[in-house]
Amino acid sequence: MKTFKLSLLLLAILSIAACSDDDDGMTTCLQSDWVGTYSGTVDCDGVTEDVTVTVAASGTANLLVSYQSPTVQTNFDPLPFSNCDLVATATGAGFTVTLDADLAGNQLTLEEVISDSTSTSTCLITATRN
């Protein structure tokens, strides 16, 4: 009986560890971990505002990310993610947009960089899941 209880305890501990860390110690995030509404601030080139970020599932392997502040509303097409990181770059009409987002528990950090041949604009979002 002691062996059975010990086995169950070890199985429970291993199950908990398997949900949070990869073999290399990196945290694993599933699509469902990303999905939700986040509130925080966005700093675009030194101008800070309140922001709401919405992350939704798109299919089984992509995320729809949008954010809205009093002066800016941005929507991104379905984006692939890798665990707790989302990195995407798109180029068109003379612009390059780079998105780099990280998820740590309920904390979302998102950096959007928009550049053309003459200027670069950077927005940094720090938000917490509601």
Side-chain angles (χ1 to χ4, degrees):
M1 188 67 162
K2 270 187 170 180
T3 305
F4 180 70
K5 287 181 182 178
L6 182 58
S7 296
L8 284 177
L9 177 62
L10 288 174
L11 180 61
I13 291 170
L14 289 174
S15 295
I16 292 168
C19 293
S20 61
D21 288 331
D22 284 344
D23 292 337
D24 62 3
M26 299 288 292
T27 302
T28 300
C29 295
L30 303 173
Q31 185 184 48
S32 59
D33 295 324
W34 286 87
V35 172
T37 303
Y38 301 78
S39 297
T41 58
V42 58
D43 180 334
C44 292
D45 299 324
V47 177
T48 303
E49 299 180 305
D50 290 336
V51 69
T52 300
V53 180
T54 304
V55 180
S58 178
T60 59
N62 292 308
L63 299 170
L64 294 170
V65 178
S66 63
Y67 70 86
Q68 183 171 352
S69 72
T71 59
V72 176
Q73 181 171 346
T74 302
N75 297 300
F76 295 98
D77 289 336
L79 301 168
F81 66 97
S82 177
N83 288 318
C84 300
D85 297 315
L86 184 156
V87 178
T89 300
T91 303
F95 291 93
T96 299
V97 178
T98 301
L99 183 70
D100 185 355
D102 299 302
L103 184 64
N106 288 326
Q107 295 286 74
L108 176 69
T109 304
L110 185 148
E111 181 180 59
E112 177 188 33
V113 179
I114 302 170
S115 59
D116 63 15
S117 61
T118 61
S119 64
T120 299
S121 175
T122 302
C123 292
L124 180 61
I125 294 174
T126 306
T128 303
R129 187 186 336 262
N130 296 338

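Position 1 is the first residue of the sequence; numbering continues from there.
- Grouping the Ile, Leu, Val, Met, Phe, Trp and Tyr side chains by contacts below 4.5 angstrom, directly or via other members, places V113 apart from F81.
- L124 and V72 are not part of a single hydrophobic cluster, where members link through side-chain heavy atoms under 4.5 Å apart.
- Counting all heavy atoms, side chain and backbone alike, I125 lies closest to V42 at CG1-CG2, 3.5 Å.
- Defined by atom type and a distance below 3.5 Å, a donor-acceptor pair is present between the side-chain atoms of S39 and N130.
- At least one donor-acceptor pair closer than 3.5 Å links the side chain of R129 to the backbone N or O of D33.
- The two atoms that bring T122 and E111 nearest to each other are CG2-OE2, 3.7 Å, heavy atoms only.
- I114 is connected to L110 through a chain of hydrophobic side-chain contacts under 4.5 Å among Ile, Leu, Val, Met, Phe, Trp and Tyr, so both are in one cluster.
- No donor-acceptor pair under 3.5 Å is formed between the side chain of W34 and the backbone N or O of A57.
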Between L79 and N62, is a side-chain contact (heavy atoms from CB on, under 4.5 Å) present by the stated rule, with each step listed? CA-CA 5 Å; L79 301 168; N62 292 308; 5.6 Å; no
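- Contact between T28 and C84 at its shortest, heavy atoms only, is C-SG, 3.7 Å.
- Minimum heavy-atom separation, A101 to L108: CB-CD1, 4.4 Å.
- None of V55, N106, T128 except one satisfies the side-chain contact (heavy atoms from CB on, under 4.5 Å) rule with Y38; the exception is V55.
- Judged by distance alone, the side chains of D45 and S121 do bring a donor and an acceptor atom under 3.5 Å apart.
- A continuous path of hydrophobic side-chain contacts links F95 to Y67 [ILVMFWY only; heavy atoms under 4.5 Å].
- Nearest approach of E49 to S69, heavy atoms of both residues: OE1-OG, 2.8 Å.
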D50 and T41: CA distance, side-chain angles, deciding distance, side-chain contact (heavy atoms from CB on, under 4.5 Å) verdict: CA-CA 4 Å; D50 290 336; T41 58; 4.2 Å; yes
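- There is a path of hydrophobic side-chain contacts, each under 4.5 Å, that joins V97 to V53.
- The CG atom of D102 sits 11.5 Å away from atom CG of N83, with the distance rounded to the nearest 0.5 Å.
- A distance-only check finds no donor-acceptor pair linking the side chain of S82 to the backbone of D85 [under 3.5 Å].
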